[in-house]
Each structure stands twice: as C-alpha cells, then as structure tokens.
Amino acid sequence: MSQELFKEMAQSILDGDDEVSAELAQKALDGGIDPLAAITDGFMPGVNEVGDNFACGDAFLPELVMAGEAMKAAIAVLEPAMMASGVSRQVLGKVVLATVEGDIHEIGKTLVGTMLTSSGFKVYDMGVDVPTADLIAKAEEVGADIIGLSALLTTTMIKQKEVIDEVAKRGLKVMVMVGGAPVTKEWVQRIEADGYSEDAIGAVSVAKELMGL
Amino acid sequence: MPILEGISPIIDVDQVLKAQGADPEIIRKRKPQLVKIAQNALEQGYPYLDFKVLFREIDVLSLKHERLKLEDQHELKGKLIAEHLGPAAKVILILCTIGSRLEDYSLNTIKSDPVTGLALEGVGSAAVEALANAACNYFEEKAHEENLGSTIPLSPGMIGWSVEEGQPQIFKLLDTNEIGVSLTTSYLMLPRKTLSMVIGIGADIKAGGKTCDYCTMNETCAYQHQYTSSH
Ligand code: B12
C-alpha cells in the first residue's frame, strides 16, 4: 500500500497540488507510515523529477514554484509528527542567503531559498540589499556552511566578489555560491566562487555537491 | 520635460505567462490552474499599475568615434550607439515605468503565496514591456507619418552599451523625478519595473534587426520569444 501512496505523493508534487499533497501526508500519518519515509520516498522523488524537468526545459518557473508549495504543504503536515517522535529531518547544510548590497531583486533569491528548504537545507534568508559585513556576521553567528548570493545586474554582482574576498581575508570556513541573471561561468571563475547555478534547481545540486552529498 | 499621456496598454494572460518564462500553449494543456492564477493576478494587479512615460527629443549634430554629439553640448556614447545612431537626425530618450504600487503588492504576496506573487511579478514585467512597446510604436509611427525611419530601441545592458555606461548618460538627460524614477549608485532603477531606452529618428534610417540580437543572453534566454522590441 505504501508504494502506491508514495507514487501518488510524487504525482501530487508534479501536479503542484498542495491540497492533495497535504491530504496524502495526512493519509500516511493515519496509516502509520513513517513520516520521514513519506518525505524521502514519497514526496522527494516528485521534487527531484520537477527539478530535472525544469533543468532540461520541460517545466517552467511557475510550475517549479507550485511544486515547491505542494512540498511545503506536505512537510507542514508531517513535521509535527516527526517532532513528536523525536525524529527530525536531516539538515543537509546551513545556507545564509541574500541579494547583495545595492540590489533589491527579490524573486530569484527567494525561489532559490524555497528550493533549498524543500530539499532539506536550513536557510537563513536575509532579504535584499544586504551589506557584506552583515552577511559575514550572520554566517559566523549561525555557523553557515554556505553563503548564497544573488544579483540582478552586472553592476551589482561585483558585490559577490567583495563577499568572497572578505571570506578569504578572514579565513572563514564557509563556501560561497552565486547566481542571478548576469552571472556567467567566466565571472564565477574570476571571482573564485565555490559554486554557481543558472537556476533554483541547479542551486540545490550545487549546494549538495559543496556539502559532499 | 514631456510626459506621454494616455498610454495604458492592454495586457493579456499570455503576456503574463510569458513574463514568468512560461510558454502559454504548453501551460494551457499541462497546468490550466496556472492560467487561472495568471488571469486572477492580472485582474488583481491591473489597478496597481501607474503607467508613465517620460521622453525627450534631442537633435543630433555629429558622430565622432563612439561619441554622438547632440545639441546643447549633450552627448551619448558607446559602441552600440555609434553602430545605430550615426545616421539619426534626432534621438528620443524614453523612460517607461509602472510605478511601485504593484511591486509592493507582489513582494508582499510572494511571502505568503509564492505562486500568485510570481504571477503578479509577471504582470508587472509584462506591463512595463507592453508600455515600452506602445511608446516605441507611437514614436515609430509618428516618424513614419513624416516619412522618416526609426532605429530599434537601444537599451543600456545590450551588447555594446553596458548598464554602467548607458544608464548615467540617459539619466543625465532626463528629469526622471517627474515620473518618480531614480537611479541607485549601482545603476539600478527604482521602481524596479522600469525600462530605459533611446531610439534614433531620421530620413536615412532603415529599420532592421531585433533587440534580442544585441542581448548578452541571446543564446540562452528563456524569455526571448516575448521580446519584440524593447528588452
Ligand atoms: C523580467 C526582466 C526584467 C523586468 C523586471 C525586472 C525585475 N527584477 O523586476 C523589467 C522589464 C522591468 C527589466 C528591466 C531591466 N532589465 Co531586465 N530582465 C528581465 C529578464 C527577462 C528576466 C529576469 C527575471 O526576473 N527572471 C526570473 C527570476 C526568477 O530569475 P532570476 O532572478 O535570474 O533567478 C534565477 C537564477 O538567476 C538563479 N539565481 C538567482 N539568484 C541566485 C542565487 C544563487 C546562490 C544561485 C545558485 C542561483 C540564483 O535561480 C533563480 C531561479 O531559477 C532578464 C533576462 C533573463 N533571461 O534572465 C533581464 C535582465 C536581467 N535585464 C537586464 C537589463 C539590462 C535590464 C535593464 C537595465 C534594461 C533597461 N535599460 O531598462 C532594466 C533594469 C531595471 C532596473 N530596475 O534597473 C539584463 C541584465 C544584464 C546586465 N548587463 O546587467 C538581463 C540579464 C537581460 C539582458 N541580458 O539584457 N528586466
């Protein structure tokens, strides 16, 4: 029975249907299915498939966001049960995420945050127009594994370099990944960022790679 | 400085979907609920749009190297400018915005309902695009009525005219306060849903090319199919 249910769970994510995904999560709890298994074997394969589809152009941004919302709805049902039984989802890594100083572009960064969260990362979203010093302070405070930096224009992405230089200067053990429309491979090499991706799904794979997963 | 009155372009749901990077035909088949969300966002968002177009016409005196000398000792410069505006008799600088009300609304919405918030963002992008297209069409038609030709709209950020090069040039020549637009020290325009451009008008100008040919992302951009003239 759980195999069937797991399939339906993945499908609810592919459909981006947060009502169905929440219902299925409840059904799993009622049927005594381990909530962690429901996430990893049920819903997660759906998220991964949407991600793959998006990566090869077979899914569009709003579909990706819908899938993320369906995943969130399922987790909201399952999480209290996991907490009650003392099990928690493994945190894949801590990410401090922000749009760089001088830039107020919100959506790209927020989507990256949503995708990282639904994939199991703990995300500290600091918002937009965030000064380098604040980012570094936050990363130190929470013991971040990764700093994620978004920028909309070539004129603002130079701040990504400033953050990387500051991390190096202080000898911090935190990796920096960057993104945003104008960011190119050449730029990433030039500023010696640890990772980069063109989209929110790629951001998850890159973050996993950086964590050695 | 003149403000173009009375342009309030009609936006349809397909433009909103395209502005979110989606192909409307595929979405209609695969996720009809997204079409409905885009439609609702359009209805909810439209009243928040404050269409404004500021423009200024300036005569061209000469082109030297990459500098286009304009009347009153003004100038525009850059590779793209030289490539296209040499034969122009005058240039029209244009700034189009939809104001900040929709932006505030969409960013608030995105926190609680990202799907709708993203659709509202799409409404904003589609709206300012449509506004820019309408403004450019207006000036092109006016030129054609006088038997003059017009260039494609040139925007800072295109190949050969970077944002940091072009934006200060345009902002120097326009009194952008009149429509409530400002340029930050990192050359970002506020409100966000704003577009800047310049077109050349003259007897010796033949129309040709499309803006995407001069875009830095012309090989990879998922939004390309929607851009006809301005962005
Ligand atoms: C829609 C759009 C607009 C809209 C809305 C802008 C807005 N932010 O609200 C409008 C029409 C208003 C606009 C205006 C302009 N734009 Co514009 N715009 C775009 C477009 C088509 C899509 C941007 C977008 O919103 N994408 C959707 C979001 C979700 O994607 P995203 O933010 O990029 O985020 C994704 C990835 O980048 C990545 N990501 C983001 N952050 C992070 C962080 C990490 C850590 C990782 C790993 C990944 C990651 O994942 C995200 C999700 O998949 C892009 C071209 C393109 N194909 O990307 C040009 C683009 C960004 N614009 C560009 C330009 C030049 C301009 C203008 C300067 C043009 C002008 N002269 O008027 C103005 C500037 C506006 C301003 N306020 O100053 C250039 C910038 C290039 C440059 N040289 O800097 C681009 C790249 C197009 C181009 N090549 O010419 N624009």
Side-chain angles (χ1 to χ4, degrees), chain A residues 14-20 50 53-54 57-73 99-111 113-115 117-118 125 127-129 151-159 162 180-187 198-200, chain B residues 16-27 30-35 37-38 41 100 103-104 106-122 124-125 156-157 162-168 183-192 215-217 219-223:
Chain A
L14 284 167
D15 294 340
D17 194 327
D18 54 357
E19 278 171 26
V20 173
V50 178
N53 290 346
F54 183 73
D58 287 340
F60 301 117
L61 193 58
E63 296 178 282
L64 189 66
V65 179
M66 270 178 107
E69 287 303 288
M71 183 68 180
K72 243 198 246 165
T99 298
V100 293
E101 187 173 12
D103 198 326
I104 50 146
H105 185 58
E106 177 107 41
I107 31 174
K109 181 249 336 150
T110 306
L111 291 178
T114 307
M115 287 301 142
T117 306
S118 52
D125 187 338
V128 300
D129 192 11
L152 172 75
L153 298 172
T154 36
T155 53
T156 57
M157 81 185 180
I158 45 173
K159 286 282 172 187
E162 188 179 290
V183 174
T184 59
K185 276 202 190 85
E186 293 73 46
W187 172 250
E198 278 174 14
D199 55 60
Chain B
V16 177
L17 290 166
K18 285 180 188 169
Q20 297 176 74
D23 181 328
E25 237 170 79
I26 299 178
I27 285 288
R30 198 159 63 196
K31 296 260 165 53
Q33 64 274 46
L34 273 177
V35 182
I37 291 169
S100 58
E103 189 171 313
D104 296 343
S106 71
L107 289 181
N108 264 331
T109 309
I110 230 166
K111 289 181 191 129
S112 55
D113 179 356
V115 185
T116 303
L118 188 70
L120 286 166
E121 276 284 322
S125 295
S162 68
V163 171
E164 53 270 54
E165 189 178 14
Q167 291 293 49
L183 191 66
T184 68
T185 49
S186 48
Y187 305 115
L188 194 70
M189 293 181 287
L190 301 179
R192 249 182 335 123
C215 172
T216 49
M217 294 183 81
E219 281 174 8
T220 52
C221 181
Y223 298 73

Please report the closest heavy-atom contact between [X] and [Y], naming both atoms and the distance.
{"X": "A:H105", "Y": "A:T99", "answer": "O-OG1, 2.8 Å"}
{"X": "A:G16", "Y": "A:A70", "answer": "C-CB, 4.0 Å"}
{"X": "B:A19", "Y": "B:G122", "answer": "CB-O, 3.3 Å"}

Using heavy-atom distances under 4.5 Å, tell me whether [X] contacts chain B through its side chain, its backbone, both, or neither.
{"X": "A:E69", "value": "side chain"}
{"X": "A:L152", "value": "side chain"}
{"X": "A:L153", "value": "side chain"}
{"X": "A:D103", "value": "both"}

Side-chain heavy atoms of A:F60 within contact of B:K31, under 4.5 Å: no
Most chain A-contacting option - heavy-atom pairs closer than 4.5 Å, from B:I110, B:L34, B:T184, B:I26: B:L34
Residue selection (most heavy-atom pairs with chain A, distance under 4.5 Å) from B:P114, B:S106, B:S162: B:P114
Atom pair [atom1]/[atom2] of [X] and [Y] - distance to nearest 0.5 Å:
{"X": "A:T155", "Y": "B:L183", "atom1": "OG1", "atom2": "CG", "result": "8.5 Å"}
{"X": "A:M66", "Y": "A:L64", "atom1": "CE", "atom2": "CG", "result": "11.5 Å"}
{"X": "B:Q20", "Y": "A:E63", "atom1": "CD", "atom2": "CD", "result": "10.5 Å"}

Carboxylate-amine/guanidinium proximity below 4.0 Å for A:E106 and B:R192: no
Heavy-atom distance under 4.5 Å to chain A: side chain of [X], backbone, both or neither?
{"X": "B:L188", "answer": "both"}
{"X": "B:Q33", "answer": "side chain"}
{"X": "B:E121", "answer": "side chain"}
{"X": "B:L17", "answer": "neither"}
{"X": "B:E165", "answer": "neither"}

Which of A:G102, A:G57, A:P62 touches chain B most, by non-hydrogen pairs under 4.5 Å: A:P62
